[in-house]
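Written below as structure tokens is the structure these notes are about.
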Amino acid sequence: MSEKVKSIRGMQVLLPEVLEKWQAVEGIVKGVFNAYAFKEIRTPIVERSELFHRTIGENTDVVAKEMYSFKDRKDQSLSLRPEATAGIVRAGIEHSLFYNQTPKLWSMGPMYRYERPQKGRYRQFHQINMEAFGFQGPEIDAEIILMTARIWKLLKVDHLQLEINSLGMPVSRKKYRTELQNYFSDHRAILDEDSLHRLEKNPMRILDSKNPDLQSIIEAAPKMLDFLDNESSEHFEILKDALTSNGIPFILNDKLVRGLDYYTKTVFEWTTDQLGSQATVCGGGRYDGLVKELGGQDIPAIGCAIGVERLTELVAVSNENPQNKQPKIYIVAVGKEAQNQALVLSEKIRDLGNGISVVMNMDGGSFKQQFKRADKSGSDLALIIGEEEIESGTVSIKSMKSDAEQKSVDEAKVLEEIKQYL
Ligand code: HAM
């Protein structure tokens, strides 16, 4: 026997039974995007590595440790996208999408990060992204958060908690960064290796450390909110009021810094205690400087991404998939001629175009064997064509879901009859 080819660690296959739940989630999410006038965009999975270095940041874990980067045949460095925002911004600038045409975009697809795989954390995972461009005021921040809250509600996912913070504009953030660097330098002796590394390059990320030995100095560290510039502070106050007016509870988390460098002002995460250590189901924030940074006009932006694997894990219902509610027919056909006729009939049923799913028995078998397969397929109705039916120009119809008698119908009337059954 030949040797089997192994799958890649952290890259999951999504089996049909799992995908039923995914499709239910996708259906609901698409309806919500439509309600908020977001339009879909699909960008390439592969981009120039430079795009991610310049946006996510050289010193983030994502760029420094987790990218799938490789050289193509022309020796250009390319990377599998670790997230979608950078690619959407790049594409939007290239196609002039942001300047008053299509300012609200959503996207869904696979992302790649070389992380240590565990439940809820994979090397290939999927995100649903939403991004809005050109809106300065905090109303859009509120609308995006409300949109995600609506998704949770429609999917009947509770226990999600909203955490928000403001990182301010680059000027106030720079001041805070220096303050934090001084503070943690004074505690250098207690810092672990990871935090010492972050101290030089990205001191705000020390606030993210889960090391229990560091929690007391993190707790006592200077707070970003005390360093906020007036504009960011006012923006944040209005957002908080808007959330309160719309009945969305939130927690102020001044240690919420996010793992990507492009954020300004508002950042937020939806977290859960139902998924162990991989608690963040959705995260995002403003990135007012990014479009300009990538060569576009100076326009503000905000967005977030839902982790689809994590969200579907929290969704209990799988039978909301409309495909499951569509009628199924199995065609039992014994004999060469019957088989031929079954093929023609199955196409005619599909021509009816009303979502009926037709399974034609393949590769022969006795009546008994074929009925067994029909039963297993979960069909509502079996159509039977055998020697007898061929001779008399009929098709037999049998309900698989009731005890109703099998019925013989004239070949020409079979489509009419099916419509009545279903
Ligand atoms: P992020 O926080 O890096 O943000 O990822 C967003 C979500 O993707 C996470 O909250 C999580 O649910 C999911 N996720 C991330 N990594 C993994 C993984 N290895 N396995 C499974 N799920 C994962 C971003 O990517 C930003 N681009 C979001 C954004 C959009 N900000 C503004 N616009």
Side-chain angles (χ1 to χ4, degrees), residues 8-12 14 22 25 38 41 43 47 51-52 55-57 60-63 65-68 80-90 92 98 103-133 135 140-141 144-145 147-148 151-152 157 160-165 167 205 208 253 256-272 274-291 300-315:
I8 303 171
R9 195 161 121 82
M11 305 229 179
Q12 297 193 102
L14 299 166
W22 279 55
V25 170
F38 275 65
I41 185 167
T43 63
E47 296 274 1
L51 174 69
F52 304 116
T55 55
I56 297 170
T60 57
D61 284 353
V62 173
V63 166
K65 302 182 190 160
E66 297 167 0
M67 288 241 284
Y68 279 90
L80 301 185
R81 60 182 185 192
E83 58 106 54
T85 312
I88 293 174
V89 172
R90 180 202 55 71
F98 304 145
K104 293 175 172 183
L105 299 167
W106 73 271
S107 196
M108 173 172 166
M111 310 294 153
Y112 300 84
R113 295 183 193 176
Y114 198 86
E115 294 195 76
R116 201 148 44 82
Q118 62 178 82
K119 192 175 162 59
R121 189 165 72 198
Y122 309 99
R123 289 180 176 170
Q124 175 184 274
F125 60 98
H126 295 73
Q127 284 184 347
I128 296 170
N129 269 260
M130 52 223 87
E131 318 284 352
F133 297 91
F135 305 103
I140 189 73
D141 307 27
I144 288 203
I145 292 174
M147 184 161 74
T148 50
I151 293 172
W152 318 145
V157 171
L160 282 187
Q161 184 164 277
L162 175 64
E163 301 182 23
I164 60 172
N165 192 20
L167 301 179
R205 290 286 286 170
D208 251 3
N253 178 356
L256 182 66
V257 293
R258 310 272 304 128
L260 316 163
D261 277 356
Y262 49 62
Y263 292 108
T264 53
K265 292 186 176 167
T266 313
V267 289
F268 64 93
E269 287 187 352
W270 285 97
T271 56
T272 175
Q274 316 275 303
L275 294 177
S277 60
Q278 301 311 307
T280 310
V281 175
C282 170
R286 273 201 170 259
Y287 47 98
D288 289 348
L290 194 63
V291 178
I302 177 167
C304 68
I306 300 169
V308 187
E309 282 79 1
R310 294 186 193 173
L311 176 62
T312 48
E313 194 66 35
L314 298 175
V315 175

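We count ligands from 1, going down the list as the structure has it; atoms in each ligand are counted the same way. Being a predicted model, the structure only gives us computed values, none of them experimental.
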So, does Ser107 use its side chain to make a donor-acceptor pair with the main chain of Ile41 at under 3.5 Å?
yes

Ligand 1 contacted by Arg258 (non-hydrogen, < 4.0 Å):
yes

Can you name the atoms of ligand 1, numbered from 1 with element, that are less than 4.0 Å from a heavy atom of Tyr263?
26 (C), 28 (C), 29 (C), 31 (N), 32 (C)

Relative to ligand 1, is Glu269 under 4.0 angstrom through side chain, backbone, both or neither, heavy atoms considered?
neither

Counting heavy atoms only, which of Ile302, Ile306, Thr280 is nearest atom 12 (O) of ligand 1?
Thr280

Per-residue contact class, Met111 against ligand 1 - non-hydrogen pairs under 4.0 Å
neither

Classify the side-chain pair Thr148/Trp270 by whether it contains a donor and acceptor separated by less than 3.5 Å.
yes

Of all the heavy-atom pairs spanning Trp22 and His126, show the shortest one and how long it is.
CH2-ND1, 3.5 Å

Is there a donor-acceptor contact under 3.5 Å from the side chain of Arg121 to the main chain of Arg116?
yes

Heavy-atom distances under 4.0 Å decide this one: backbone, side chain, both or neither, for Leu311 against ligand 1?
neither

To the nearest 0.1 Å, how far is atom 32 (C) of ligand 1 from its closest protein heavy atom, and which atom is that?
Gly303 O, 3.1 Å

Which one holds for Glu115 and ligand 1: side chain close, backbone close, both close, or neither close, with close meaning a heavy atom under 4.0 Å?
side chain

Do Tyr122 and Glu115 get their side chains close enough for a donor-acceptor pair, meaning under 3.5 Å?
no

Nearest neighbour in protein (non-hydrogen) for atom 18 (C) of ligand 1:
Phe125 CD2, 3.4 Å

Under 4.0 Å from one or more heavy atoms of Glu83, ligand 1 contributes atoms 25 (O), 26 (C), 27 (N)

How close do Ile144 and Cys304 get, heavy atom to heavy atom, and via which atoms?
CG2-SG, 3.9 Å

Would you find a donor on one side and an acceptor on the other, under 3.5 Å apart, between the side chain of Thr272 and the backbone of Gln274?
yes

Taking every heavy atom of Arg258 against every heavy atom of Phe268, the minimum-distance pair comes out as CD-O, 4.1 Å

Within the 4.0 Å heavy-atom shell around Glu131, which atoms of ligand 1 are there?
30 (C), 32 (C), 33 (N)

May I ask whether Glu309 places a heavy atom under 4.0 Å from ligand 1?
no

Please state which protein non-hydrogen atom is closest to atom 13 (C) of ligand 1 and give its distance, to 0.1 Å?
Gly307 CA, 3.6 Å

For Tyr287 and ligand 1, does the shortest N/O to N/O distance drop below 3.5 Å?
no

Check whether any heavy atom of Gly120 sits under 4.0 Å from an atom of ligand 1.
yes

Let me know which of Asn129, Ile88, Val89 forms a side chain to side chain contact (heavy atoms under 4.5 Å, CB included) with Leu105.
Ile88

Would you please test Met130 and Ile306 for side chain to side chain contact (heavy atoms under 4.5 Å, CB included) and show each step?
CA-CA 9 Å; Met130 52 223 87; Ile306 300 169; 3.8 Å; yes

A student checking ligand 1 against Tyr262 at a 4.0 Å heavy-atom cut-off should list atoms 26 (C), 27 (N), 31 (N)

Enumerated ligand 1 atoms positioned under 4.0 Å from heavy atoms of Gly283:
10 (O), 28 (C), 29 (C)

For the residue pair Glu66 / Tyr114, report whether a side-chain donor-acceptor contact shorter than 3.5 Å exists.
no

Would you say Cys304 contacts ligand 1, with heavy atoms under 4.0 Å as the rule?
yes

Going by atom types only, do Asp261 and Thr60 share a side-chain donor-acceptor pair under 3.5 Å?
no

Under the criterion side chain to side chain contact (heavy atoms under 4.5 Å, CB included), I'd like the reasoning laid out for Met111 against Gln124: C-alpha separation, chi angles, the key distance, then a yes or no.
CA-CA 6 Å; Met111 310 294 153; Gln124 175 184 274; over 6 Å; no

Donor-acceptor check, side chain of Arg286 to backbone of Lys265, threshold 3.5 angstrom: yes or no?
no

One finds that the ligand 1 atoms under 4.0 Å from a non-hydrogen atom of Gln127 are 5 (O), 6 (C), 7 (C), 8 (O), 24 (C), 25 (O)

Ligand 1 and Val281, any nitrogen or oxygen pair closer than 3.5 angstrom?
yes

For ligand 1, which atoms, with element, lie under 4.0 Å from some heavy atom of Gly284?
31 (N)

For the backbone of Thr85 and the side chain of Glu83, can you confirm whether one donor and one acceptor N or O come within less than 3.5 Å of each other?
yes

Tell me, which protein residue and heavy-atom name are nearest atom 24 (C) of ligand 1, and how many Å apart are they?
Leu260 CD1, 3.5 Å

Ligand 1 to Asn129 polar contact by distance, N or O atoms, under 3.5 Å:
no

Protein contact of atom 20 (N) of ligand 1 - nearest heavy atom, named by residue and atom, plus distance
Tyr122 N, 3.0 Å

At under 4.0 Å between heavy atoms, what of Cys282 touches ligand 1? The answer is backbone

Contact between Trp270 and ligand 1, counting heavy atoms under 4.0 Å?
no

